[in-house]
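Atoms within each ligand, like the ligands themselves, are counted from 1 in listed order. Starting from 1, each residue takes its place in the sequence as its number.
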Amino acid sequence: MNFELTEDQLAVQEVAREFAEKKLKPRAEEFDTEARFDMDLLREMGELGFLGIIIPEEYGGGGMDAVSYMIAAEELTRGCASHAAAVGLSNSLYGYPLLTYGTEEQKKKYLPGVCAGEKVGAFALTEPGAGSDAAGLSTTFKKTDNGYILNGTKIFITMGAVADNVIVFATSKKGSGPRGISAFLVDKDAPGYEIGTIEKKMGLKASPTTELIFSDCVIPQENLLGKEGHGFRIAMSTLDGGRISCGAMGVGLAQEAFNIAVKYSKEREQFGKPIAALQAIQFHLAEMSIMIENARNLVYKAAWKKDQGQDYSLEAAQAKLYASEISTKVTHKAIQVLGGYGYIREYQVERMYRDARVTELFEGTSEIQKLVIARYLLK
Ligand SMILES: Cc1cc2nc3c(=O)[nH]c(=O)nc-3n(C[C@H](O)[C@H](O)[C@H](O)COP(=O)(O)OP(=O)(O)OC[C@H]3O[C@@H](n4cnc5c(N)ncnc54)[C@H](O)[C@@H]3O)c2cc1C
């Protein structure tokens with residue numbers, strides 16, 4: 001077994017780390033305070049190849065492996081989780097289903113712009129009445145002579161406020177379950193498409209989370225994604241990949257908070273010596289380091305299985321569950337190591353704690369990950 005990264009993976013790590021250090025980290029606090037996503041930085045991430053890192057080159061991507069993608073996601077998150085979330089969105093939630101289920105025309109039309117950071121793609125599954133129960137959608141589609149008409153409301157859509165094209169899941173009839181669901185590529189200028197409330201959130205504040213409303217929204221026939229009735233399958237397979245990148249985000253936040261805690265513990269003196277000399281602080285740091293290492297290994301293993309073409313749903317759920325929960329724990333401990341200063345915005349760990357919390361919720365809550373894992377264990 002080889003735990004070393006390849007030369008290509010090390011190169012990705014270096015570029016992502018440098019970008020995070022220079023472009024994201026110095027402004028992360030400002031983005032959080034202003035709840036503002038910087039579209040120029042999105043374009044820069046596109047130019048560096050992060051937005052389409054696992055998308056094949058023929059569609060404007062980097063054609064790299066999933067492990068490289070996780071490395072990039074971790075490093076970028078260390079700089080600013082809100083901007084790193086856009087990388088997970090473009091590669092996993094938007095790029096993957098389009099690449100896997102889209103027609104050649106759809107892929108050529110939509111993927112290159114999103115990989116370049118010139119366009120934004122989003123993924124709209126969640127509704128006011130359908131979160132964990134994703135098959136219980138109320139947004140409906142009706143077939144017409146030329147295409148489809150969508151009606152309904154989606155909530156909590158990452159980058160929905162700035163998206164040019166959104167993958168929207170709708171049912172032929174409310175109550176018809178997974179088999180009634182289809183997926184559609186909806187352009188922002190489609191008649192009947194409207195951006196609703198932009199949510200105010202606890203964390204990940206710079207990443208816009210938005211309501212999308214479809215009122216007799218007109219979709220041309222060629223914008224059906226995959227086959228009619230295959231939407232639920234598309235959504236579930238998409239979330240497998242998305243879950244690993246959520247895990248990588250959790251690792252990134254934990255690693256950055258840990259680094260801050262280590263540095264601070266060596267500088268802060270109480271009772272005439274650095275607090276790093278106190279065994280209580282050393283125990284915190286030791287526990288944090290093990291959690292981070294375990295989480296990263298789970299994330300890498302799930303990504304590696306994906307790269308081998310093996311079923312990785314179990315490992316993706318394990319990685320997402322563990323990495324998101326330790327992200328909250330490690331950032332919580334980092335605040336403890338910094339004492340009162342950890343609670344002050346200037347020291348940044350309080351933002352990381354707030355950002356980490358959502359990794360336990362989106363792309364399937366921790367409880368849903370446990371259900372997925374148990375299903376594998378008991379089959
Ligand atoms: C910042 C943010 C960004 C998001 N981005 C997107 C996006 O881009 N696209 C998108 O489609 N969605 C997005 N979401 C939605 C997210 O995926 C959902 O919030 C999530 O799936 C949970 O759904 P819910 O909020 O309705 O909670 P609910 O499903 O109502 O869950 C409430 C509680 O009940 C528990 N629960 C529910 N069912 C079960 C069960 N069967 N067994 C055990 N426990 C259960 C849950 O674990 C949770 O603890 C985003 C959410 C947030 C907060």
Side-chain angles (χ1 to χ4, degrees), residues 31-32 35 37 77 80-98 114 120-139 150 152-171 178 181 183-184 186 195-214 225 231-232 234-243 245-246 249-250 253 316-317 320-321 324-325 327-328 351 354-375:
F31 295 141
D32 179 73
F37 188 92
T77 303
C80 173
S82 289
H83 285 76
V87 172
L89 176 66
S90 63
N91 280 285
S92 295
L93 292 188
Y94 185 78
Y96 172 84
L98 193 43
V114 169
V120 175
F123 174 91
L125 178 64
T126 306
E127 298 181 357
S132 302
D133 180 12
L137 301 182
S138 296
T139 297
L150 291 193
T153 299
K154 296 289 177 181
I155 54 165
F156 300 164
I157 308 308
T158 300
M159 303 290 274
V162 289
D164 296 282
N165 184 262
V166 186
I167 298 177
V168 180
F169 297 85
T171 180
I181 297 172
F184 303 91
V186 182
I195 295 166
T197 311
I198 300 178
E199 303 295 347
K200 292 189 175 69
K201 310 194 291 298
M202 169 186 181
L204 216 65
K205 289 189 178 194
S207 169
T209 305
T210 319
E211 181 185 42
L212 296 177
I213 301 154
F214 307 92
L225 179 64
F232 192 72
I234 294 174
M236 292 304 114
S237 65
T238 298
L239 290 173
D240 278 344
R243 279 170 187 159
S245 67
C246 283
M249 284 184 73
L253 284 161
K320 202 273 187 184
L321 173 66
S324 60
E325 293 198 342
S327 194
T328 300
R351 168 171 48 80
R354 288 186 285 106
D355 286 352
R357 192 63 182 83
V358 77
T359 63
E360 296 180 68
L361 304 171
F362 62 13
E363 301 198 31
T365 61
S366 292
E367 290 78 10
I368 295 303
Q369 305 310 319
K370 286 178 195 170
L371 290 180
V372 172
I373 293 165
R375 205 178 304 138

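Contact of the Arg354 side chain with the Asp32 side chain is registered, since non-hydrogen atoms from C-beta on lie closer than 4.5 Å. Side-chain contact check for Leu125 versus Leu239: some heavy-atom pair is nearer than 4.5 Å. Taking the side chain as every heavy atom from C-beta outward, Asp355 and Met249 never approach each other to under 4.5 Å.
The nearest heavy-atom contact from the protein to atom 1 (C) of ligand 1 is Val358 CG2, 3.6 Å. Atom 27 (O) of ligand 1 has as its closest protein heavy atom Ser132 OG, 4.2 Å. Shortest contact from atom 7 (C) of ligand 1 to any protein heavy atom: Phe156 O, 3.3 Å. The protein atom (non-hydrogen) at minimum distance from atom 41 (N) of ligand 1 is Leu371 CD1, 3.6 Å. Here the protein heavy atom with the shortest distance to atom 2 (C) of ligand 1 is Phe362 CD2, 3.8 Å. The shortest contact between atom 12 (N) of ligand 1 and any protein heavy atom is with Thr126 OG1, 2.7 Å. Given atom 44 (N) of ligand 1, the protein heavy atom at minimum distance is Glu367 CB, 3.5 Å. Counting only heavy atoms of the protein, atom 9 (N) of ligand 1 lies nearest to Phe123 O, 2.8 Å.
Under the 3.5 Å distance criterion, with hydrogens and angles disregarded, a donor-acceptor pair is assigned to the side chains of Glu360 and Thr328. Side chains of Tyr94 and Asn165: a donor on one and an acceptor on the other come within 3.5 Å.
Distance screen at 4.0 Å: atom 30 (O) of ligand 1 has no protein heavy-atom neighbour inside the cut-off. Within the 4.0 Å cut-off (strictly below), no protein heavy atom is located near atom 35 (C) of ligand 1. Distance check on atom 50 (C) of ligand 1: some protein heavy atom falls below the 4.0 Å cut-off.
Taking the six-membered ring where the residue is Trp, Phe31 and His83 present tilted rings, their angle falling between 30° and 60°.
The proximity of Thr365 to ligand 1, defined as any non-hydrogen pair under 4.0 Å, is limited to the side chain.
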field: Stepwise side chain to side chain contact (heavy atoms under 4.5 Å, CB included) test for Leu137 and Lys154
entry: CA-CA 9 Å; Leu137 301 182; Lys154 296 289 177 181; 3.7 Å; yes
| request: Begin from the C-alpha positions of Ser366 and Glu325 and carry the test side-chain hydrogen bond (donor to acceptor under 3.5 Å, both in side chains) through to its verdict. | output: CA-CA 8 Å; Ser366 292; Glu325 293 198 342; 3.1 Å; yes
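When each atom of ligand 1 is checked for a heavy atom of Ile157 under 4.0 Å away, the hits are 7 (C), 8 (O), 9 (N), 10 (C), 11 (O). Ligand 1 places these atoms under 4.0 Å from at least one heavy atom of Leu361: 20 (C). If you number the atoms of ligand 1 from 1 as listed, the ones under 4.0 Å from a heavy atom of Glu363 come out as 17 (O). Distances below 4.0 Å separate heavy atoms of Thr158 from the following atoms of ligand 1: 3 (C), 4 (C), 5 (N), 6 (C), 7 (C), 8 (O).
Centroid-to-centroid, the aromatic rings of Phe169 and Phe232 stay 6.0 Å apart or farther.
When only interatomic distances are considered, the shortest N/O to N/O separation between Leu93 and ligand 1 does not fall below 3.5 Å.
Atom CZ of Arg357 sits about 13.5 Å away from atom CG of Leu253, to the nearest 0.5 Å.
Nearest heavy-atom pair, Ile157 versus Ala122, reported as atom, atom and distance to 0.1 Å: CG2-CB, 4.0 Å.
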